[in-house]
Amino acid sequence: MAGSGAALAAAQQSGAAGPKNFVIASGNGQRCCARALEMLGKGIDTLDAVIAGVNINEEDPEDDSVGYGGLPNEHGVVELDASVMHGPTRRAGSVASIRGVKTPSKIAKLVMEQTDHIMLVGEGASKFAEAYGFRPENLLTEKSRLAWLIWKRSLRDAGGHNNWTDGLDAPAIAGGGPTALKQAFPDVTDELLAYAWDRAVHPVTGTINCLALNAKGEMSGVTTTSGLSWKIAGRVGDSPIIGAGLYVDQDVGAAGSTGRGEENIRVCGAHSIVENMRHGMSAKDACLDVLKRVARNYNNDQTRLQKFDLNFYALRKDGDFAGASLWNGVWRRGQFRPRQFSYAVDGKSRLENCIFLLERPKA
Ligand code: GLY
């Protein structure tokens, strides 16, 4: 069954092959799942395994929704959010709007382990990271700086004017938008300009969430993100909010989220999913129930719901799992891309389509 894992739960419960190590993550987490599963196989703690998994995305300049290379706020500054939860000790840690650190998931774990607090934000979080030896780094890549500049150029006042373009007194450019963009950035490839324009007009809320269950039944989770691109400085999404972007209850299971954090915070998504599972729902039904609450917040008005994406990942302690999305996927330039999630078990990492609440009409 696409998007859920009742079969694994049945196998875990029957004990036919013994309980298995299992990792689930968002669609950008295939490498993350593979690394985390490998670490679980070596007996490494579930939280260390999922953090090592998401570190791949945090350090990858090509993942523009997480860590280094993540798209910046409206001032061109990268601000990151992350949270961790460790099932066996029932502890949590998180950071929000942290700057200058590629791997906020590691700082969230330090907050959990080395302080009497759960959440540090902004300058305090950055100073805390420095205290633990993380030297401030520039997280803006040339690619994300270009995307930010092009976003600034895409903005217009009521008269169609923008201060970040070439000015009223500049010679007129035949051929309009794309030609003007090429003229402004002559050394940038057409492919990169197309990417930057796409990001300017479709801001992302990407994110990676990763949840793990080991053969001893221990669970942990992590969520890490650069948040909404071009956000107001200081905007915090759902990822560092314990109970929204991530929740783990060692007795029941774990859940996490990617997509538009504002919608998730309003339904305390991860916590609501875990509570649904506590009351007997499958991972799939637990996620769909919460997605229905999100839709209800808009009186099921699909015109408004179409303006965002929201995705959940859930893993029950018995191994039942699901990846679920509000919409079945996205249309971009006439091409449909299904919403997917990653999971790894038995030494293999896979991508699978999410179960979904709504079918997106062709754009
Ligand atoms: N889910 C990521 C965010 O909204 O920031």
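We count ligands from 1, going down the list as the structure has it; atoms in each ligand are counted the same way. Nothing here was measured: the structure is a model prediction, and the numbers come from that model.
The side-chain heavy atoms of D63 and N28, taken from C-beta on, include a pair separated by under 4.5 Å. Residues F134 and T103 are in side-chain contact: their nearest non-hydrogen atoms beyond the backbone lie under 4.5 Å apart.
Looking only at atom types and distance, the side chain of T258 has no donor-acceptor partner in the side chain of T207 under 3.5 Å away. A side-chain donor from one of E263 and Y298 sits under 3.5 Å from a side-chain acceptor of the other.
The heavy atom nearest to atom 3 (C) of ligand 1, considering only D309, T225, D238, N311, is found in D238.
With ligand atoms numbered from 1 in the order given, ligand 1 contributes 5 (O) to contacts under 4.0 Å with heavy atoms of G237. Close approach of ligand 1 to S239 is summarised as follows: ligand atoms under 4.0 Å from at least one heavy atom of the residue are 1 (N), 2 (C).
At the shortest separation from atom 5 (O) of ligand 1 among protein heavy atoms lies R235 NH1, 2.7 Å. Looking at atom 2 (C) of ligand 1, its nearest protein heavy atom turns out to be T207 OG1, 3.1 Å.
No more than 12 heavy atoms of other residues, nucleotides or ligands sit less than 6.0 Å from atom CZ of R337. The neighbour count for E123 CD, taken as heavy atoms of other residues, nucleotides or ligands under 6.0 Å away, does not exceed 12.
Not one N or O of G227 is nearer than 3.5 Å to an N or O of ligand 1, by distance alone. Between G259 and ligand 1, a contact under 3.5 Å exists for at least one N or O pair.
Using a 4.0 Å cutoff on heavy atoms, K231 does not count as a contact of ligand 1.
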